[in-house]
Amino acid sequence: MKRIVSSLLVFAVLTGLSFANGTQEAGNVILNKDKPLIFFNRQPSDPTTGSIDMEAMNWNERTYYVGFDAAGGGDVQGKMITDYLATAPASIDRNGDGVIGYVLCIGDVGHNDSKARTEGARKALGTWTGSSDPASHKQGSVVIGGKTYKVVELEGKAMTGTDGSTWNANAATEAMGGWATKFDKQIDLVISNNDGMAMGCLQASNYPTGVPIFGYDANADAIEAIGAGKMTGTVSQNVDAQAAGTLQVLRNLLDGLTGSDVYTKGISTPDAYGNQISASMDYIADTKALLAANTAVTADNWTAYQAGNRDSGIKQSTAAKKRVLLTIYNSADNFLSSSYLPALQYYAPLLNINLTIVQGDGQNEASTLDKFTNFNNFDAFAINMVKTNSARDYTDKLAY
Ligand code: BGC
């Protein structure tokens, strides 16, 4: 029996067959549990406390997170709003009652990006109580044209779709319609934690014309809306740096790089093929996270963020072709489908990475997990979870 097993093993190695739980590569069997694993854009974390899921991050030595500075992004969004208000005309207070009323589209109450943006906007406007809960806010203040106004959050809503999906643009259209009726001229400002929901608000037939509206993501349609004067501002989380960064870290791991080379080659220094991401990214060692920086996008600089501006620092590499299985939590998410995915599809061929993309429905992890299979066909994995605390569901599958 022993002889049969070892002959089968020799046969498999010689013929390059896949093993039950691994892929044969240059004579070595790489077990799925030892392959590179990148979490991207949704950081494995506790939906209530926001603490990073280090069990997931330490799944193996080749596990990393690539995203953007979520907390810093909230601050950028808040500052963009108060900078705008500082020079706004007195007519911004539509009913002239000395109170700036705003409504807030939150996104996903259990998502650290939502929490950070709610916190950033509320802190800037003085309405922050220490909690990102929709109902938890206090009266704040802001300076407009040298005069101090009171600030009131009229209402904040998670924006969950009828199907249970989060960051839902249709829910935002409906909420905005209701708010416009309920609060009328008390609404002086609309804040949305992503562009999809902001564009959704603008779709409401009774959207109060001229009321400033701020989003987040710098999606192509939002950038055009800023250019057309329909939207006031957004924040770029630098989708090109994030998508290219995800692929570059995978490339480095697949090329056998270790230590700091994993998060510096092609990022802060050129890689072996002469590629380097132009934007600077920060590496946070404690959480194994490589993060892009955020920038405010307004009427002053929107043209620099128009679609089609790709990073010229990434050119066709001569690296060996590798296959990566990548998941996206919701095929209908505006940011991931209209910004992130096209960026991945642009950079992956340049890095000689062949992507197999599976997309979920944004509601149940099963919608993605059911298609997260055939691991032996892949050299590495990249995961964007439906819920930020679901990492284990994916790593458990790779353990066998
Ligand atoms: C984006 C949102 C998106 C969410 C999905 C965030 O980083 O800003 O637009 O819906 O990721 O996880």
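Source: prediction; values computed, not measured. Both ligands and their constituent atoms are indexed starting at 1 by order of listing.
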Considering the options Asn377, Thr356, Asp379, which one meets the side chain to side chain donor-acceptor pair (under 3.5 Å) requirement together with Arg323?
Asp379
What one should report as the nearest heavy-atom pair of Leu355 and Leu344 is CD1-CB, 4.1 Å
With rounding to the nearest 0.5 angstrom, report the CG to CG distance, Asn330 to Asn168.
8.5 Å
Protein heavy-atom partner closest to atom 6 (C) of ligand 1 - residue, atom, separation in Å:
Asp113 OD2, 3.3 Å
Are any of the N/O atoms on Asn384, whether in the backbone or the side chain, positioned under 3.5 angstrom from an N/O atom of ligand 1?
no
Taking only heavy atoms of Asp217, which atoms of ligand 1 are found under 4.0 Å from at least one of them?
1 (C), 2 (C), 8 (O), 9 (O)
Atom indices of ligand 1 within 4.0 angstrom of Phe335 heavy atoms, with elements:
1 (C), 9 (O)
Using a 3.5 Å cut-off on N or O atoms only, is Tyr216 in polar contact with ligand 1?
no
Quick one: do the Asp255 and Tyr273 side chains pair a donor with an acceptor below 3.5 Å?
yes
Which ligand 1 atoms are under 4.0 Å away from a heavy-atom of Asn194?
2 (C), 9 (O), 10 (O)
Which of these, Asn41, Asp333, Thr388, has its nearest heavy atom closest to atom 10 (O) of ligand 1?
Asp333
With sequence neighbours left out, the residues meeting side-chain contact (heavy atoms from CB on, under 4.5 Å) with Lys397 are Leu369, Phe372, Thr373, Phe375
Per-atom contacts of ligand 1 with Tyr329, taking only distances under 4.0 Å to non-hydrogen atoms
5 (C), 10 (O), 12 (O)
Show which atoms of ligand 1 fall inside a sub-4.0 Å distance from at least one heavy-atom site of Phe68.
7 (O)
Can you tell me the protein heavy atom closest to atom 4 (C) of ligand 1 and the distance?
Trp167 CE2, 3.8 Å
List the steps, then state whether side chain to side chain contact (heavy atoms under 4.5 Å, CB included) holds for Tyr207 with Val190.
CA-CA 10 Å; Tyr207 185 87; Val190 178; 3.5 Å; yes
May I ask you to decide if the ring planes of Phe335 and Tyr340 are parallel, tilted or perpendicular, using 30° and 60° as cut-offs?
perpendicular
Among protein heavy atoms, which lies nearest atom 12 (O) of ligand 1, and at what distance?
Arg42 NE, 2.5 Å
Closest non-hydrogen atom pair, Lys138 against Gly126
CE-O, 3.4 Å
Exercise: do Tyr305 and Asn309 side chains pair donor with acceptor under 3.5 Å
no
Proximity of Arg117 to ligand 1 by residue part, where a heavy atom lies under 4.0 Å:
side chain
What about Asn193: any of its N or O atoms under 3.5 Å from an N or O on ligand 1?
no
